[in-house]
Amino acid sequence: MRDTVSILPLTVEGLGFEAGGKPLVSDVGFVVARGGITVLLGPNGSGKSLTLRLCHGLLTPSAGRVAWAHAGGAKRHAMVFQKPVMLRRSAEANIVHALAAGGVPRRSRQELARQAMERFGLAALASRPARLLSGGEQQRLAIARAWALKPELLFLDEPSSQLDPGATRQVEAMLETLAAEGVTLVMATHDLGQARRLADQVLFFHRGRLAEQGPAEAFFAAPATPEARAFLAGELLW
Ligand SMILES: Nc1ncnc2c1ncn2[C@@H]1O[C@H](COP(=O)(O)OP(=O)(O)OP(=O)(O)O)[C@@H](O)[C@H]1O
Ligand SMILES: [Mg+2]
């Protein structure tokens with residue numbers, strides 16, 4: 001699927017979202033080019049999750065636009081949530097189900113699910129009930145499930161915020177593998193260490209606005225805004 005016309009770059013312009021007359025996301029604009037890891041940073045409630053949901057098409061913007069280079073590519077971006085949503089069936093059956101929902105022909109589903117589990121060292125969990133897996137195992141399964149759909153871009157919302165350091169590193173290793181394979185990643189995280197380890201590009205949110213954006217190296221070395229400086233110093237809590 002990745003050899004068809006690219007849906008990237010993703011161009012977000014003047015993006016706004018309001019609820020009950022209250023602006024929650026305002027005038028957000030950025031471009032995600034092909035490849036690399038873009039990290040959304042910012043305090044609680046700053047609009048990171050809403051922005052990811054707007055980009056993935058789960059919410060409709062009240063202003064601005066989310067434009068993909070190639071229209072009709074909705075199935076080429078996938079999303080992994082903070083708390084994985086698993087069906088009450090085996091780990092492998094969860095992937096098979098996602099493949100069915102993604103329109104993959106029945107005859108290939110089993111094999112693709114098996115490959116996805118194998119690819120990420122999850123084969124031993126294949127027949128276990130997905131909901132009984134540990135948080136870290138479920139999150140790795142959720143990422144493997146998203147990978148099985150061969151997305152060109154993967155959105156992740158705090159994929160390791162509920163995991164211990166060991167499981168977090170396993171998730172990060174998976175993400176590095178995906179990025180090395182050419183999957184473009186766009187993720188929100190609270191974990192500054194993780195952002196430093198993974199980010200190529202940083203989008204820094206503050207109170208529903210994109211306060212600052214740029215290459216990760218420059219952002220961490222010399223943030224341009226007082227808000228980002230305070231956030232990196234652990235001072236900006238809202
Ligand atoms: N459907 C909604 N209706 C009303 N308010 C909402 C809705 N969804 C989110 N909000 C509010 O919008 C703001 C931004 O929320 P969002 O979830 O994007 O923040 P976030 O940056 O992801 O925060 P966190 O780091 O805590 O996950 C918050 O104040 C939240 O309470
Ligand atoms: Mg959030």
Side-chain angles (χ1 to χ4, degrees), residues 10-32 37-66 77-86 135-136 138-139 142-143 146 151 153-165 167-168 171-172 174-175 184-214 216 219-220 223-238:
L10 160 65
T11 306
V12 174
E13 281 175 348
L15 189 67
F17 182 77
E18 51 179 60
K22 193 170 172 272
L24 300 173
V25 170
S26 306
D27 200 23
V28 165
F30 59 88
V31 173
V32 177
I37 304 182
T38 296
V39 168
L40 285 71
L41 278 178
N44 290 130
S46 56
K48 306 179 297 293
S49 295
L50 284 175
T51 299
L52 289 176
R53 285 167 185 272
L54 287 161
C55 289
H56 191 45
L58 298 173
L59 291 171
T60 307
S62 7
R65 64 189 200 120
V66 172
H77 47 94
M79 185 153 170
V80 168
F81 298 91
Q82 182 170 11
K83 194 167 181 329
V85 183
M86 291 295 155
Q138 286 195 39
Q139 194 56 285
I143 296 170
L153 181 147
L154 183 59
F155 294 110
L156 304 112
D157 195 0
E158 314 257 3
S160 56
S161 64
Q162 303 187 335
L163 308 184
D164 68 28
T168 295
V171 163
E172 288 180 13
M174 277 181 95
L175 299 182
T184 302
L185 303 180
V186 178
M187 67 181 282
T189 182
H190 271 125
D191 183 339
L192 280 176
Q194 178 167 75
R196 286 176 195 271
R197 286 189 291 275
L198 297 180
D200 295 306
Q201 181 185 207
V202 169
L203 306 177
F204 176 72
F205 286 78
H206 185 237
R207 297 188 185 167
R209 292 179 180 274
L210 191 46
E212 181 169 344
Q213 62 177 304
F219 176 83
F220 288 115
T225 57
E227 292 83 5
R229 279 198 291 277
F231 181 77
L232 290 178
E235 290 157 11
L236 184 67
L237 300 178
W238 52 277

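Keep in mind the model is a prediction, meaning the values are calculated, not measured. For ligands, and for the atoms within them, numbers begin at 1 and follow the listed sequence.
Looking at every heavy atom in both residues, Ala146 comes nearest to Leu154 through CB-CD1, 3.7 Å.
For the Mg ion (ligand 2), the tally of protein N/O/S atoms lying closer than 2.8 Å stands at 1.
Phe155 contributes atom CZ, which lies 10.5 Å from atom CG of Leu185 (distance to the nearest 0.5 angstrom).
In this view, Glu13 and Arg65 satisfy the salt bridge (charged side-chain N to carboxylate O under 4.0 Å, His left out) rule, not counting sequence neighbours. Not counting sequence neighbours, Glu158 has no partner by the salt bridge (charged side-chain N to carboxylate O under 4.0 Å, His left out) test.
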_Derivation of the side chain to side chain contact (heavy atoms under 4.5 Å, CB included) call for Leu192 and Leu232_ = CA-CA 8 Å; Leu192 280 176; Leu232 290 178; 3.7 Å; yes
*Could you give me the CA-CA distance, side-chain angles and deciding distance for Ser161 and Gln82, then say whether side-chain hydrogen bond (donor to acceptor under 3.5 Å, both in side chains) is met?*
CA-CA 7 Å; Ser161 64; Gln82 182 170 11; 2.8 Å; yes
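A side-chain donor from one of Gln194 and Ser160 sits under 3.5 Å from a side-chain acceptor of the other. Inspection of the Glu212 and Thr225 side chains reveals an N or O donor paired with an N or O acceptor under 3.5 Å.
Classification of the Phe219-Phe204 ring pair by plane angle, with boundaries at 30° and 60°, yields tilted.
Under 4.0 Å from any atom of ligand 1, one finds heavy atoms of residues Ala19, Leu24, Pro43, Asn44, Gly45, Ser46, Gly47, Lys48, Ser49, Leu50, Glu158, His190.
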